[in-house]
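Heavy atoms only: backbone and side chains are in, while hydrogens, waters and symmetry mates are out. Per chain, numbering begins at 1; letters A, B, ... match sequence-line order.
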Protein chains: 2
Amino acid sequence: MATTVGELASLARVSVRTLHHYDEIGLLRPSGRSGAGYRLYTEGDLQRLQQVLFFRELGFKLDEIARILADPGFDRRQTLLAQRALLVERADRARALVDLVDRTLKALEEGDTMNPEDTFEGFDPAKYEDEAKAWWGTTEAYAESRRRTSRYTKDDWKRMADESKATVDELAQAMDDGVTPTDARAMDLAEQHRLHLEHWFYPCSSAMHVGLGEMYVADPRFAAVYDQRRAGLSEFLRAAIQANAARANAL
Amino acid sequence: MATTVGELASLARVSVRTLHHYDEIGLLRPSGRSGAGYRLYTEGDLQRLQQVLFFRELGFKLDEIARILADPGFDRRQTLLAQRALLVERADRARALVDLVDRTLKALEEGDTMNPEDTFEGFDPAKYEDEAKAWWGTTEAYAESRRRTSRYTKDDWKRMADESKATVDELAQAMDDGVTPTDARAMDLAEQHRLHLEHWFYPCSSAMHVGLGEMYVADPRFAAVYDQRRAGLSEFLRAAIQANAARANAL
DNA sequence: TCTACGGCCTCACGCGGCGTGAGGGTCAAG
DNA sequence: CTTGACCCTCACGCCGCGTGAGGCCGTAGA
């Protein structure tokens, strides 16, 4: 008329330890005990266990399951809808990451076939020192920037402004399209932004770029420029820069 | 020339505790310490951190990341491909679960609108007792089965066999199509199997059905019948029955 | 009747990736 | 000289169990 832990465990394909655990936390107490203290489970217990496993499968936490089962009048619809949203998010995220891996793999291959001597450059001490200075004290970058910009003509400034505006517009459009900062499109725009800086102002390593991104949200003078174009744009750019730098560094 | 934990933490959008942890486990040691023992991070540290966060984002475990970064010649392609497979699996699973939630919601609604008196039936003590007996001792079910089958004509037997074969064929086809046991299609077939038993032999509660599923894999006489039709079919049926019972019980 | 042997019991630590205090030093500003 | 915002090092907590250790129960064979 009743089963022991081991039997129930093999029936439901869970470990004995799991049943012990569920007993401990009160999620599934055996209906009885034998004289020797053995746990005895009834059919009702099996049914409850199946309910537990069903919700566990859906990713509910054990205490949530306990609450769901405690009150049969509990709004299952509501609960399931919430869990659905969570699962959709998880699926989307996993898909996005697969995408990220794919792009990383592609970048790896291209990098391999196109410029194998990069391996050397990565260890160029001079370059490294340069980058370090540039990021840890903005002064060096600032000096370089002034050296360059002092020779720009009005025409140069206009072209620079046009380019800049284009990038900002594309970023805003990406946001409107619901693109996330870790998306390829956003990262590519961040890279475009970095190249823009390199071209017009000063050498800008990805590390330095990250620092700048921070400044864009932290310094209201910068933030205003972006957020005026579109709410939250400065934060979006910062995140995209981070993602882009992370990708670049990991290769 | 160097930052403190707090600064690096806010730069990289991680907690100070996380950096402490990475220091503890040796994943990211600060390049230096101040006189007072403060952690001091260089730009190189930031870059390494970004590498760490990149791989963490992809779902690598911290010790795996350590191994990847330890050896620059590490086969990143291979590693990324493996991770990709893992992520694809995760995405598929999440999608399947969303599907399961949807079907559960649908079943909930239909159940609500079509037969509200089921709530009563669920608490019918007579029925419950019957089910309990049927499952915990197969004898009762066996007796009922014999009572019924003793009156079957040759024609009845043939129709029963045809129905049975059809279900088995559909199950095999589902397997061929790569359907998983927790998929709706598999669960529906399991339910069909259960109804088949109810119709031709004896009342078969979902709990009892689970018990039978166990027997199908455990008892070689039964397993052979299914596995002869298609390798692994008995195990597939068992899993589908489990899933179907779990779904039914959770509603 | 003794002895295996398998199943059951109760602790209790371990894992992964940190969160979250407690209790105390350090450092620049007022 | 004090405040307050940093920083430090323990060290326990979380979640869902896995994995022993050390010992009792129950049945079957020698």
Side-chain angles (χ1 to χ4, degrees), chain A residues 2-42 45 48-69 83 86 90 93 97 218, chain B residues 1-42 45 48-49 51-69 83 86 90 93 97 218:
Chain A
T3 42
T4 63
V5 260
E7 291 175 55
L8 183 61
S10 75
L11 249 177
R13 306 269 132 169
V14 297
S15 74
V16 169
R17 178 66 179 99
T18 296
L19 293 178
H20 282 178
H21 185 58
Y22 292 174
D23 186 3
E24 273 174 35
I25 64 173
L27 181 56
L28 177 64
R29 297 241 134 95
S31 292
R33 293 269 185 156
S34 78
Y38 285 22
R39 273 166 261 253
L40 297 178
Y41 294 90
T42 65
D45 295 335
R48 183 177 170 90
L49 175 57
Q50 283 182 329
Q51 295 177 23
V52 168
L53 297 180
F54 176 79
F55 287 110
R56 188 183 71 164
E57 173 89 359
L58 292 184
F60 285 92
K61 295 208 258 175
L62 297 185
D63 59 346
E64 291 171 342
I65 298 177
R67 256 173 289 151
I68 294 171
L69 298 186
Q83 193 65 12
L86 204 151
R90 193 187 296 175
R93 183 174 165 73
L97 290 178
Chain B
M1 210 58 184
T3 42
T4 61
V5 259
E7 291 176 55
L8 184 61
S10 74
L11 250 176
R13 308 267 131 170
V14 298
S15 74
V16 170
R17 179 66 178 98
T18 297
L19 293 177
H20 282 179
H21 185 58
Y22 291 174
D23 186 3
E24 275 175 33
I25 65 173
L27 180 55
L28 177 63
R29 296 240 135 96
S31 293
R33 293 271 186 155
S34 77
Y38 286 22
R39 271 166 263 253
L40 297 178
Y41 293 90
T42 66
D45 295 335
R48 184 178 170 90
L49 176 57
Q51 294 177 24
V52 169
L53 296 181
F54 176 79
F55 287 110
R56 189 184 70 167
E57 173 88 359
L58 292 184
F60 285 93
K61 295 208 258 175
L62 296 186
D63 59 346
E64 290 170 343
I65 298 176
R67 257 172 287 151
I68 294 171
L69 298 186
Q83 193 65 13
L86 205 151
R90 193 187 296 175
R93 181 173 167 74
L97 290 179

Whole-Å distance separating the [atom1] atom of [X] from the [atom2] atom of [N]:
X     : N      : atom1 : atom2 : value
A:R17 : C:dG7  : CZ    : P     : 19 Å
B:H21 : C:dG16 : NE2   : C1'   : 7 Å
A:L40 : C:dC9  : CG    : C1'   : 13 Å
A:L8  : C:dG7  : CG    : P     : 16 Å
B:L53 : C:dG17 : CG    : P     : 13 Å
B:I25 : C:dC15 : CD1   : C1'   : 13 Å

Original post:
Hey, does B:T4 reach any base, or is it just sugar-phosphate, or nothing, if we go heavy atoms under 4.0 Å?
Top reply: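 Sugar-phosphate, backbone atoms only, no base.
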If you compare every side-chain N and O of [X] against the phosphate oxygens of [N] (OP1, OP2), does one of them come in below 4.0 Å?
X     : N      : answer
B:Y22 : C:dC18 : yes
A:H20 : C:dC9  : yes
B:S15 : C:dG19 : yes
A:R39 : C:dT10 : yes

**OP:** Return the 5'-most residue of the pair B:E24, B:E7 with respect to DNA chain D, ranking by each residue's nearest nucleotide.
**Re:**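 Checking each residue's closest nucleotide, the 5'-ward one belongs to B:E7.
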Original post:
Less than 4.5 Å apart, any side-chain heavy atom of B:R48 and any of B:L27?
Top reply: yes
Looking only at non-hydrogen atoms, find the nearest pair between [X] and [Y] and report the distance.
X     : Y     : answer
B:L19 : B:Y41 : CB-OH, 3.9 Å
A:L40 : A:S34 : CD1-N, 3.6 Å
A:R33 : A:D23 : NH2-OD2, 3.3 Å
B:S31 : B:T42 : OG-OG1, 3.3 Å

Original post:
Is A:E7 salt-bridged to A:R39, cutoff N-O under 4.0 Å?
Top reply: no
**OP:** Using heavy atoms to find the nearest nucleotide of DNA chain C for A:Y38 and B:F60 separately, return the residue whose nucleotide is more 5′.
**Re:**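 Its nearest nucleotide being more 5', the pick is A:Y38.
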Original post:
Which nucleotide of DNA chain D is the first, and which the last, in the 5' to 3' direction, to come under 4.0 Å of a heavy atom belonging to chain B?
Top reply: D:dC6 to D:dA11
Original post:
From A:F55 CZ over to A:Q50 CD, what is the distance, rounded to the nearest 0.5 angstrom?
Top reply: 12.5 Å
